[in-house]
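Taking it in order: structure first as structure tokens, then the write-up.
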Amino acid sequence: MFTNLEHLGLAVHDLEAATALYSALLNQEPYKQEHVASEGVDTVFFRVGGSKIELLAGTTPDSAITRYLTKKGEGIHHVAFEVADIRATMARLKEQGFTLLNEEPKRGADNKLVCFVHPKSAAGVLVELCQEIVQ
Ligand SMILES: CC[C@H](C(=O)O)C(=O)SCCNC(=O)CCNC(=O)[C@H](O)C(C)(C)COP(=O)(O)OP(=O)(O)OC[C@H]1O[C@@H](n2cnc3c(N)ncnc32)[C@H](O)[C@@H]1OP(=O)(O)O
Ligand SMILES: [Co+2]
């Protein structure tokens, strides 16, 4: 079950400059900065109501964000939905013919298990599924 629009992921060239810009725009400081080595990204998170803005900068040449920025420049990179049971959702989507980009949930940012749906399966939008990791 999809329970919330968890975050919008924005790809940016300069994380420090983008953080200052979004701090001014949203009139708040970010609640978290996190490096996700497995994705080759540095992230910064802002809360907006029940959702979040995730700023992402690539830290390696082969990072998905670095590749995206090279090809498309800055902008909305993905939309993330919170799901109650990521494995059940992945199984349902696979059954329905959606292309998943990882076979198993993987550790994402902000204490989540994540899985991505190929944009070709979602009318040109990269979709991320997120399930909170309960400690
Ligand atoms: C996990 C930490 C954090 C979190 O919230 O927890 C994150 O969100 S990390 C976010 C970064 N990680 C990822 O995005 C992982 C999943 N992404 C991928 O596996 C790739 O980026 C992929 C497969 C979506 C695209 O790979 P690549 O760029 O190498 O392929 P192409 O350039 O050939 O693209 C294929 C096709 O897809 C279109 N495309 C690519 N990226 C996007 C996008 N973000 N949104 C929409 N469409 C996208 C691209 O234009 C190509 O289409 P075509 O019509 O053939 O030009
Ligand atoms: Co994300």
Side-chain angles (χ1 to χ4, degrees):
M1 188 173 88
F2 283 50
T3 55
N4 188 29
L5 196 158
E6 214 289 323
H7 64 263
L8 270 183
L10 311 184
V12 297
H13 289 300
D14 179 334
L15 197 56
E16 193 177 337
T19 300
L21 189 152
Y22 271 82
S23 291
L25 179 76
L26 301 173
N27 197 26
Q28 60 169 285
E29 293 303 310
Y31 72 92
K32 177 178 280 190
Q33 297 206 9
E34 187 176 351
H35 175 65
V36 183
S38 60
E39 291 294 326
V41 295
D42 281 332
T43 64
V44 167
F45 283 88
F46 293 88
R47 286 190 201 287
V48 181
S51 291
K52 299 160 186 169
I53 291 294
E54 175 189 48
L55 303 179
L56 301 117
T59 58
T60 61
D62 64 345
S63 152
I65 294 297
T66 304
R67 293 200 308 271
Y68 181 86
L69 286 165
T70 304
K71 291 171 189 165
K72 295 180 180 262
E74 292 187 321
I76 297 175
H77 177 260
H78 63 273
V79 61
F81 295 100
E82 183 170 16
V83 294
D85 181 337
I86 194 165
R87 283 183 170 76
T89 304
M90 290 170 66
R92 173 175 67 78
L93 294 177
K94 209 168 172 180
E95 180 64 29
Q96 289 175 266
F98 289 88
T99 303
L100 304 185
L101 290 166
N102 38 292
E103 279 301 310
E104 287 296 317
K106 57 183 177 180
R107 184 85 191 219
D110 203 24
N111 195 45
K112 298 281 188 310
L113 282 178
V114 303
C115 174
F116 288 89
V117 181
H118 199 289
K120 291 289 186 198
S121 288
V125 175
L126 178 61
V127 169
E128 178 182 1
L129 311 175
C130 300
Q131 179 183 331
E132 183 82 23
I133 297 171
V134 178
Q135 304 295 0

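Residue numbers count from 1 along this sequence.
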Only pairs under 3.5 Å count here: list side-chain donor-acceptor contacts from residues 115-130, not counting sequence neighbours, and write none if there are none.
| from | atom 1 | to | atom 2 | distance (Å) |
| --- | --- | --- | --- | --- |
| His118 | ND1 | Lys120 | N | 2.9 |
| Ser121 | OG | Thr99 | N | 2.8 |
| Ser121 | OG | Thr99 | OG1 | 3.3 |
| Glu128 | OE1 | His7 | NE2 | 3.1 |
| Glu128 | OE1 | His78 | NE2 | 2.9 |

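- Scored by the salt bridge (charged side-chain N to carboxylate O under 4.0 Å, His left out) test, Glu54 finds no partners at all (sequence neighbours excluded).
- Listed by first and then second residue, the salt bridge (Lys or Arg N to Asp or Glu O under 4.0 Å) pairs that reach into residues 32-44 are Lys32-Asp110, Glu39-Lys106, sequence neighbours excluded.
- Among residues at least two apart or in separate chains, there is no ring-ring contact (aromatic ring centres under 6.0 Å, His included) pair with a member in residues 92-114.
- The list of salt bridge (Lys or Arg N to Asp or Glu O under 4.0 Å) pairs with a residue in residues 15-31, not counting sequence neighbours, is empty.
- The two residues Ile65 and Gly58 make their nearest non-hydrogen contact at CG2-N, 3.5 Å.
- Every residue two or more places apart in sequence or in another chain that forms a side chain to side chain contact (heavy atoms under 4.5 Å, CB included) with Asn111 is listed here: Arg107, Glu132, Ile133, Gln135.
- Remark: side-chain polar atoms of Ser63 are not paired, donor with acceptor, to backbone N or O of Val41 under 3.5 angstrom.
- Remark: Gln131 pairs with no residue by the side-chain hydrogen bond (donor to acceptor under 3.5 Å, both in side chains) rule, at least two apart or across chains.
- Within the structure, every pair that satisfies the salt bridge (Lys or Arg N to Asp or Glu O under 4.0 Å) test and touches residues 88-99, not counting sequence neighbours, is listed here: Lys94-Glu103.
- Listed by chain and residue number, Val12, Leu55 satisfy the side chain to side chain contact (heavy atoms under 4.5 Å, CB included) test with Ala18 (two or more places apart in sequence, or in another chain).
- Residues that satisfy the side chain to side chain contact (heavy atoms under 4.5 Å, CB included) test with Arg87, not counting sequence neighbours, are Asp85, Glu104, Pro105, Leu113.
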Expected list for residues 69-77: side-chain donor-acceptor pairs under 3.5 angstrom, two or more places apart:
| from | atom 1 | to | atom 2 | distance (Å) |
| --- | --- | --- | --- | --- |
| Thr70 | OG1 | Thr66 | O | 2.8 |
| Glu74 | OE2 | His13 | N | 2.7 |

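- Looking only at side-chain heavy atoms (C-beta outward), Leu56 and Tyr68 stay at 4.5 Å or farther from each other.
- In this view, Thr60 and Asp62 satisfy the side-chain hydrogen bond (donor to acceptor under 3.5 Å, both in side chains) rule, not counting sequence neighbours.
- When the side chains of ILVMFWY residues are joined at heavy-atom separations under 4.5 Å, either directly or via intervening members, Leu15 and Tyr31 end up in two distinct hydrophobic clusters.
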